[in-house]
Amino acid sequence: MASTLNQIKPGCSCKVVNIGGNNILKNRLLCMGVTPGTVVEVVKVAPLGDPMELKIRNYNLSIRKKEASSIFVEDNAANTKNSGSEVI
Amino acid sequence: MADLAKYTIALAGNPNSGKTTLFNRLTKSNQKVGNWPGVTIEKKVGNYTKTKPGTEDKEIVNVVDLPGIYSLTPYSEEEIIARNYIVDENPDLVINIIDASNLERNLYLTFQLKKLGCPMIIALNMMDEVEQNGTKIDFDKMSEMLGVPIIPISAIEGKSFSAKVAKLMGYKSSKIAEGGIERLIGKANDILDHSFKYFGDNPEAIPASGQKEPISSESFEKKKFDPSLLKHADNIDYDEHSAEIYSEIEKIVSATVREGEKQVQHDRTKKIDGILTNKWLGIPIFLVVMFVVFQLSFTVGGIFTDLIDVFFNETLAGFVEEWFTAAGTSDWMTDLVINGIIAGVGGVLTFVPQIFILFVFLTLMEDTGYMSRVAFLLDRIFTKIGLSGKSFIPLILGFGCSVPAVMAARTLDNEMDRKTTIFITPFMSCGARLPIYAMFVGVFFSAYYGLTMLFLYVLGILVAIGSAWLLKKTIFKGPSSPFIMELPPYRFPDLYTYAKHIWEKTRGFVIRAGTIIFLASVLIWFLQGYDFSFSAVEDSAESILGIVGTAIAPIFEPLGFGDWRAAMSLFTGFIAKEAVVSTIEILYTPEDFEMLFTPVVALAFMVFTLLYLPCLAAFATIKRELNSWKLSILAAAYQTAIAYIAAFIVYRIGLLVVESGIL
């Protein structure tokens, strides 16, 4: 089932399908390793409700929900281990 | 210096890769290490002497610390600085420092560096952490797959480090570069020469694709970028190779790395974050931390402050007086040294312990990784006022000193965010303003040290927030930029670098006391002791300072401190904030001081000094960073106007409270 990353609940993992948004956002995310096929775990949401903390490629990244809404994901990867290196 | 050096080596790597620590170890120079993405903005150069292999000859190696960057895509000034440095300056060698515990993302930059075609070796850092987890890395294979020599190191551990550095500097045992560093450089120079053939020295002359000269993708990547590109960043195509590079990296990592059983650092970070960024505890803990930091710097620092005060005003002043009397020194000279220099410089130096303790904590927060958690916790507030959460980096640094803080605003990729942040950074109460509060709080609010301090700091923050909101609605309107920030693992800071960093900042403060404050003290002493015909006056109200001060003092009457001495101290505060203290020390007798200031007036005065225009050094930095006299003067005028309004409100409310008899 396709959805965007901001809809994923803390503690759940998903797989990146595609990145929308403008080129700045797209480029930044790709550079940081948020590439299609990568598994992303939503670790938590900040106390005030934004931003989110993600775990990707074995490190922690923080992005706002607004940015996360440009990342299309498959949320059926909940049981996958969150290590980018296992995704080819 | 550069001409003497045999080689130039550039250090490139991601933020938090330990690059700065390595730089410090190599060059023994002072350089800050922090977990804040992009803290090393300025180009830092040091040098290192190595012995030529097999001889006694010493060779100087220049080391350049490039900004910490995630990629070479021209999206921020750091990336452009790093990229252009490598393309323009042609370093003999680039050492790419990689955090071995975060391989995939770090290798992304490696791939981009490789495309620049510069001679390069990899220093695989944090190997201690990797080994602790039981993870095994096949260096030889990885080196072969990447086509780059690899040396495993751990910059933070002391033992065997210098041997490893020697190995880095005189690389010889690799399968790839058997002839040592010279051969490596020679070989790489060939590659460089080859790529330069395509477009000579002028990168603008690169023929567009489709023209007769064939361009390999490697040489095309070598072009440098004009900083003006930043203004049109949205027009740049995104790098569609990113995904390909990452799948390349995944292949290399899965072929060379065998993950260990343990995840010591991740587990530790997760546990700490479970408390520090906890949904309910996160923000209260942050507030308590800030409160404790300020409280400690005043109570513990205060003990030493008293000692220093006694030393200057009793021991030293008494000694000098005796000595001068015995030597028959003229009265004016004795007065200058005791009431001018010792009172002025001593008055500022007494606050060194408090500033030292404040830096001890702020630097610790920065170097352990807690600062980025603070940005994570408070980002929402910043979104509301239209700023990126990354503005928190310069703003927090502003608690130390506005000068580096304003410069740190360069990390913001959005131009409007950057300008807004520069405008509001001086509202963050800098270290030099501490002595002012310390002096007033010590006299009028001694029972409420921490609370009064917290009030002032929070007021500064609130004014900054309000101003940002206003500025973003008016002169700095623009779209908000994406917020993408690494939350680095919590690490113990490298003690060597940490100590140097604190020392450097404290020393800067002491040096200012010895230079600017010294001169200001002498000047104030003269201006308050002599009139316009340069003859000594009995009553300092008749002095140059007294006359000028009396003329402008009425401006401050509505704020409660329409006294000429207070007005003049604010004027000298523009030279350096802590000069407010020395001016007051010189101009007021303790009795006058307590008579002319009431707690309400003292509070209004502190609020004014908190908010009014920053010191000369900060103003010069703002001018340089905004690159506009008009905007810089507007900033200073705005800050002073806000200070006036806020002090007025505080004074009036204070009077009402006192009159109503609540307190």
Side-chain angles (χ1 to χ4, degrees), chain A residues 5-6 9-11 15-71 81-88, chain B residues 70-71 73 75 99 101-105 108-109 112 233-247 249-251 253-254 257 259 263 266 269-270 273-274 277-283 372 375-381 383 389 413 479-489:
Chain A
L5 185 59
N6 58 316
K9 296 251 170 324
K15 195 190 267 184
V16 177
V17 177
N18 195 10
I19 303 171
N22 64 27
N23 284 341
I24 299 178
L25 176 65
K26 211 164 178 173
N27 211 327
R28 274 269 168 255
L29 288 171
L30 287 170
C31 288
M32 298 301 277
V34 186
T35 54
T38 316
V39 174
V40 178
E41 182 197 341
V42 176
V43 179
K44 67 169 80 167
V45 173
L48 299 175
D50 207 18
M52 325 167 69
E53 179 180 351
L54 311 173
K55 191 168 181 192
I56 179 163
R57 295 187 189 272
N58 216 22
Y59 80 96
N60 292 38
L61 186 69
S62 170
I63 65 173
R64 289 200 195 118
K65 284 187 169 165
K66 190 170 159 250
E67 277 89 54
S69 68
S70 298
I71 303 173
K81 269 261 178 153
N82 55 299
S83 166
S85 60
E86 290 165 26
V87 183
I88 304 290
Chain B
Y70 293 109
S71 80
T73 330
Y75 274 94
D99 176 357
S101 66
N102 188 356
L103 264 178
E104 291 188 24
R105 201 204 60 219
Y108 184 78
L109 180 67
Q112 290 194 319
D234 197 34
N235 296 335
I236 306 170
D237 280 340
Y238 67 93
D239 190 355
E240 57 216 45
H241 298 300
S242 301
E244 286 170 35
I245 292 176
Y246 268 107
S247 60
I249 291 170
E250 283 160 12
K251 269 181 218 153
V253 170
S254 63
V257 179
E259 289 282 344
Q263 287 215 309
H266 279 285
T269 297
K270 199 172 175 182
D273 267 342
T277 62
N278 180 282
K279 193 172 180 180
W280 306 110
L281 297 175
I283 290 174
S372 52
F376 176 74
L377 288 173
L378 304 179
D379 176 68
R380 186 72 195 270
I381 300 169
T383 328
D413 13 76
S480 64
S481 59
F483 175 79
I484 298 168
M485 184 183 69
E486 184 187 2
L487 295 171

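All values below come from the heavy atoms of this structure, side chains included, with hydrogens, waters and symmetry mates left out. Here is the naming used below: chain letters follow the sequence lines, and residue numbers restart at 1 for every chain.
Across all non-hydrogen atoms, the minimal contact from A/Leu48 to B/Arg380 is O-NH1, 2.7 Å. B/Gln263 and A/Lys55 make their closest contact through OE1-NZ, 3.9 Å (heavy atoms, listed as atom of the first residue, atom of the second, distance). Of all the heavy atoms in A/Arg28 and B/Ile484, the pair that sits closest is CB-CD1, 3.5 Å. Contact record, A/Lys44 with B/Thr277: NZ-OG1, 2.6 Å, taken as the closest heavy-atom pair.
Between the side chain of A/Tyr59 and the main chain of B/Pro489, no donor-acceptor pair closer than 3.5 Å is present. Side-chain N or O atoms of B/Tyr108 include none that pairs as donor or acceptor with a backbone N or O of A/Cys31 at under 3.5 Å.
Remark: B/Leu103 CG to A/Arg57 CZ distance equals 12.0 Å, nearest 0.5 Å. In this structure, the separation between NZ on A/Lys65 and CZ on B/Phe483 is 14.0 Å, given to the nearest 0.5 Å. Note that CD1 of A/Ile63 and CG of B/Asp379 are 11.5 Å apart. Values are rounded to the nearest 0.5 Å. Note that the OG1 atom of A/Thr38 and the CD atom of B/Glu250 stand 6.0 Å from one another [nearest 0.5 Å].
Contact count against chain B (heavy-atom pairs under 4.5 Å) is highest for A/Ser62 among A/Ser70, A/Ala46, A/Ser62, A/Pro47. The residue among A/Val34, A/Leu29, A/Leu61 with the most heavy atom pairs within less than 4.5 Å of chain B is A/Leu61.
Of the atoms belonging to A/Leu54, not a single heavy atom falls under 4.5 Å from chain B. For A/Thr35, the part lying near chain B is the side chain, with the backbone staying farther off; criterion is any non-hydrogen pair under 4.5 Å.
Between B/Asp273 and A/Glu53 the shortest side-chain heavy-atom distance falls below 4.5 Å.
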Verdict with supporting geometry, B/His266 and A/Asn58, side-chain contact (heavy atoms from CB on, under 4.5 Å): CA-CA 9 Å; B/His266 279 285; A/Asn58 216 22; 3.6 Å; yes
